[in-house]
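Structure record follows, encoded as structure tokens.
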Amino acid sequence: MTVRTRFAPSPTGFLHIGGARTALFSYAFAKKHGGAFILRIEDTDVARSTPEAVQAILDGMAWLGLQHDEGPFYQMQRMETYKKVIQTMLQNGTAYYCYSSREELEALREQQMANKQKPRYDGKWRPEAGKTLPEIPAGVEPVIRFKNPQEGVVAWDDLVKGRIEIANSELDDLIIARADGTPTYNFCVVVDDWEMGITQVIRGDDHVNNTPRQINMLKALGATIPQYAHLSMILGDDGQKLSKRHGAVSVMQYHEEGYLPEAVLNYLARLGWSHGDDEVFSMQQFCEWFDLDHITPSAAQFNTEKLKWLNNHYIKAAHLNVLAQDVQQRLAQLNVRVTAQPSLNDAIALYRDRANTLNELAQSIAYFYQKPVLDAAAAEKHLTADIAPAFERLKVLLQTADWNAEAIHAAINAVVAEFGLKFPKVAMPLRVMLTGNAQSPSIDQVMAILGKEEVLARINAVSL
RNA sequence: GUCCCCAUCGUCUAGAGGCCUAGGACACCUCCCUUUCACGGAGGCGACCGGGGUUCGAAUCCCCGUGGGGACGCCA
């Protein structure tokens, strides 16, 4: 059978890191088996779903390059299908109307909690052979409930967690359609997974408890039961659960902060999945290697430091032109206008090794295009009066030097020799005058890129 | 409270009963490279939650405990 997986987010917020990993694994599983990856938007919660969130999810998926083969399907556009199925269930007795009010149910729940019982529907309106149902109250719009079996167990072999068995006595009759007639999540999922021919449901393990209910409904509909793989959750850097209030960030924020999608993808792939000792691999390699057997069942803590390390790796490996295009925009955001000279590509080539993010890269090379602000501590330490004579001489030599790193290096060396200094005694002040900082790549290379005119201007701007 | 799940270095993980003196990666520390800072290279520190079984042999299997997490919505 052809593999068909799906990613089914609800558009109530941005695509966060946990959702992105779920999507990645679903995508990779489909690719690995030559199957289809389907995107389905679960927007049946009309009150909380927004078109902005839909767009945010689409943007996030696009940035990561997780392209779906089918969809996006929107559940709100499939109402007729759901209603048809509900009618069938009402007719064959696997679903029924329930007139219990919200207040009634709330009171029931509280009472059960007080008695240290698991809160659940009491089955008041559940039709049974020989049972007389209460009189239908006036003015109450009924909900529709699924008539869950009361005996036996539901079991499945979870592809990540192994066999899970839950007694039907633990389950109650869940609502499949609201009083206003709109179907609810658990029901839509069942109908969609069934009709869309999903073969492996790969999702977060907060859905484990929904699985037995869904299986029961699938059985009631005579549908084929897909396989399930429940992924454990991703914790924040601090080990705390990620939530909207705490730590959860959009994948697009990683874009804004200067992470490459390759790095995020590679990092996410290794969060909960492994292929021996392999750490760095391409998306293509991942899709060839991916399997459900090597997914860890336990929760994983996000580690930004490792993400940065990977991002640095991909920055070092990226094509210069691709980096230049991106960095130019980031510089523009910093109000730095990139000019033809100094060469942006050269500046990036010089700095990429030390940048963990593209933002860092942009910031670190901004001084090529705008006068540096001298770091006070560095200036005090290195811009001392005693080197003034050496710099007078250096200016003369630079004036006539061929403008390449070797010649510049030779010029500095000549001054160093002439004044009996050590190389850093000249290099460090130069560093501060030209870049504003005490750290930079080889100063001769920096100078070569900056250009003779600008180098001399910056040296002259400092009075020793 | 009830049900379900989870448990190897600080973090991500390898590990499918002997290959484990528990391997790799990030982080951290030391040294090398060096013109500073990085990059790179070489080392180092550092873990099988506890207790019982099963077995000739257990990080790996079973049970109990402990700890963590999830679910219990007319949310998804």
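First the proteins, then the strands, lettered A, B, ... as listed; each starts at 1.
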Atom NZ of A/K308 to atom C1' of B/A27: distance rounded to whole Å? 11 Å

Strictly by salt bridge (charged side-chain N to carboxylate O under 4.0 Å, His left out), give each pair with a member in residues 414-436 of chain A just once, sequence neighbours left out. A/D386-A/K425, A/R393-A/E418

Close N or O pairs between protein and nucleotides 42-44 of chain B (under 3.5 Å):
none

Looking at B/A16, does its base get a donor-acceptor pair with the side chain of A/D293 below 3.5 Å? no

Under a plain distance cut-off of 3.5 Å, with no hydrogens placed, do A/N186 and A/R213 share a side-chain donor-acceptor pair? no

Report, one pair per line, the protein and nucleotides 22-25 of chain B atoms (nitrogen or oxygen only) whose separation is under 3.5 Å.
unit_1	atom_1	unit_2	atom_2	d
B/G23	N2	A/D277	OD1	2.9
B/G24	N2	A/R270	NH2	3.3
B/G24	N2	A/E279	OE2	2.7
B/A25	O4'	A/E279	OE2	3.4

Between A/E279 and A/K306, does any side-chain N to carboxylate O distance fall below 4.0 Å? yes

Any protein N or O atoms within reach of nucleotides 60-69 of chain B? Criterion: under 3.5 Å, listing atom names and distances.
none

Between B/A47 and B/A22, how far apart are the C1' atoms? Round to whole Å, please. 9 Å

Pair A/Y185, A/N210: side-chain N/O donor-acceptor within cut-off below 3.5 Å: no

Ring pair (Phe, Tyr, Trp, His ring centres under 6.0 Å) pairs touching residues 103-123 of chain A, sequence neighbours excluded, are none

Return yes when atom CD of A/Q301 has more than 12 non-hydrogen atoms of other residues, nucleotides or ligands closer than 6.0 Å, and no otherwise. yes

Quick check on A/E104: does its CD atom have over 12 non-hydrogen neighbours (other residues, nucleotides or ligands) under 6.0 Å away? yes

Could you verify whether a donor N or O on one side chain and an acceptor N or O on the other, from A/H409 and A/S442, lie under 3.5 Å apart? no

Determine the interatomic distance between C1' on B/A38 and the same-named atom on B/C49; round to the nearest Å. 40 Å

Indicate yes or no: does A/D192 engage A/R78 in a salt bridge with an N to O separation below 4.0 Å. yes

Is there a donor in the side chain of A/Q285 and an acceptor in the side chain of A/W289, or the other way round, less than 3.5 Å apart? yes

Is the closest basic N to carboxylate O distance between A/K84 and A/E80 below 4.0 Å? no

Tabulate protein N/O versus nucleotide N/O from nucleotides 1-5 of chain B, keeping only pairs under 3.5 Å, one per line.
unit_1	atom_1	unit_2	atom_2	d
B/G1	O2'	A/K116	O	2.1
B/C3	O4'	A/E170	OE1	3.4
B/C5	O2'	A/K161	NZ	2.9

Spacing of the P atoms in B/G57 and B/G18 (rounded, Å): 14 Å

Distance alone, cut at 3.5 Å: any donor-acceptor contact between the side chains of A/N312 and A/K316? yes

Side chain of A/H294 only, please: which of B/G15, B/A7, B/C39 is the nearest? B/G15

